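Shown next, in structure tokens, is the structure this report addresses.
Note that the numbering runs from 1 along the sequence shown for the chain. Model, not experiment: these values are computed from the prediction. Computed from heavy atoms alone, side chains included, the values below leave out hydrogens, waters and symmetry copies.
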Amino acid sequence: MQGYIDPKSCKKLFPGLIHDKIIYRSSYELKFITWLEGNAKVKQWASECICIPYMFVDGTTHRYYPDYFVEMEDGTKMVVEIKPYNQTQKPVNENCWAAKEYMRNKCKWRAAIEFCKAKGYKFQVLTEKTINQL
């Protein structure tokens with residue numbers, strides 16, 4: 001399930017980080033956006049507003065745009081990635097597309113953890129197993 005949200009319908013977007021459209025690439029992302037907008041503890045949020053450089057295992061450099069940046073009312077700031085659970089687990093077959101994507105995700109998340117640590121942010125990967133607990 002993919003689609004767009006009109007940013008004018010969102011009340012908690014970071015000023016200055018509002019795009020023409022906010023894309024959601026899964027029902028999990030839509031559920032998370034709904035949670036962000038409806039949670040009194042969320043001060044503001046933005047979609048794909050941070051660029052984190054990372055190096056893949058083959059030595060090539062890439063750019064990673066995590067799904068969400070969130071600031072809570074208590075001042076906590078976090079970078080959030082939404083992924084299906086199966087993309088967070090190492091595949092049994094190491095010679096398939098899923099194995100390469102798993103390695104790519106690990107490289108991205110390692111860079112995101114370092115980025116967040118340097119900024120004093122938290123980094124979270126949410127899946128269908130954890131997003132339902134929000």
Side-chain angles (χ1 to χ4, degrees):
M1 181 173 156
Q2 295 185 0
Y4 295 95
I5 295 174
D6 181 349
K8 294 175 189 161
S9 69
C10 298
K11 296 180 173 108
K12 296 184 178 186
L13 287 174
F14 272 92
L17 295 178
I18 299 172
H19 308 291
D20 293 333
K21 305 182 243 188
I22 299 167
I23 188 170
Y24 59 90
R25 292 179 173 83
S26 69
S27 60
Y28 308 134
E29 287 192 25
L30 180 57
K31 184 173 190 168
F32 187 67
I33 291 169
T34 302
W35 179 84
L36 290 167
E37 283 292 310
N39 189 315
K41 293 180 181 179
V42 174
K43 181 176 180 180
Q44 49 193 358
W45 65 276
S47 174
E48 298 181 351
C49 66
I50 294 173
C51 179
I52 302 172
Y54 73 96
M55 187 174 294
F56 191 55
V57 292
D58 65 3
T60 57
T61 303
H62 301 272
R63 292 179 290 190
Y64 168 42
Y65 294 88
D67 294 325
Y68 301 97
F69 179 67
V70 181
E71 182 179 1
M72 305 301 284
E73 286 291 345
D74 67 3
T76 301
K77 294 178 182 172
M78 58 186 156
V79 173
V80 179
E81 180 69 22
I82 311 289
K83 281 285 183 222
Y85 179 77
N86 66 349
Q87 291 184 21
T88 67
Q89 303 301 302
K90 185 175 182 177
V92 175
N93 180 354
E94 293 189 17
N95 295 317
C96 65
W97 172 86
K100 185 173 181 179
E101 285 306 299
Y102 172 75
M103 288 305 301
R104 184 175 309 283
N105 286 336
K106 285 189 68 152
C107 293
K108 287 178 182 180
W109 299 340
R110 189 176 307 119
I113 290 166
E114 290 174 20
F115 173 88
C116 288
K117 186 176 180 181
K119 299 266 188 191
Y121 302 163
K122 294 181 178 183
F123 177 68
Q124 284 189 291
V125 177
L126 297 177
T127 70
E128 66 273 20
K129 293 185 177 201
T130 54
I131 205 164
N132 290 326
Q133 298 170 2
L134 294 175

Q | Shortest non-hydrogen separation from Met103 to Val57 and the atoms involved | A | CE-CG1, 3.5 Å

Q.
Strictly distance-based, threshold 3.5 Å: is any side-chain N or O of Glu128 a donor or acceptor partner for the main-chain N or O of Tyr28?
A. no

Q | Transitive ILVMFWY side-chain link Phe56 to Trp97, under 4.5 Å | A | no

Q) Cluster question for you: counting only ILVMFWY and a side-chain heavy-atom cut-off of under 4.5 Å, with indirect links fine, are Ile82 and Trp35 together? A) yes

Q: Identify the heavy atoms of Val125 and Lys83 that sit nearest to each other, and give their distance.
A: CG1-CB, 4.4 Å

Q: Please state whether the rings of Tyr64 and Phe123 are parallel, tilted or perpendicular, taking 30° and 60° as the class boundaries.
A: perpendicular

Q) Going hydrophobic residue to hydrophobic residue with side-chain gaps under 4.5 angstrom, can you get from Met1 over to Leu126? A) yes

Q: Name the orientation class of the two ring planes belonging to Tyr121 and Phe69 (parallel below 30°, tilted from 30 to 60°, perpendicular beyond 60°).
A: tilted

Q. Would you call Arg104 and Glu101 a salt bridge, taking side-chain N to carboxylate O under 4.0 Å as the test?
A. yes

Q: Please answer whether the main-chain N or O of Lys77 pairs with a side-chain N or O of Glu71 as donor and acceptor at a distance below 3.5 Å.
A: no

**Q.** CA sep, side-chain torsions, deciding dist, call: Ile5, Leu30, side chain to side chain contact (heavy atoms under 4.5 Å, CB included)
**A.** CA-CA 9 Å; Ile5 295 174; Leu30 180 57; 3.9 Å; yes

Q | Minimal non-hydrogen separation, Ala111 against Pro53, with atom names | A | CB-O, 3.6 Å

Q: Tell me, with the steps shown, if Val79 and Tyr68 meet side chain to side chain contact (heavy atoms under 4.5 Å, CB included).
A: CA-CA 6 Å; Val79 173; Tyr68 301 97; over 6 Å; no

Q | Contact summary for Trp45 and Glu37, nearest pair of heavy atoms | A | NE1-OE2, 2.7 Å

Q.
Tell me whether Lys12 contacts the main-chain N or O of Asn39 through its side chain, where contact means a donor paired with an acceptor under 3.5 Å.
A. yes

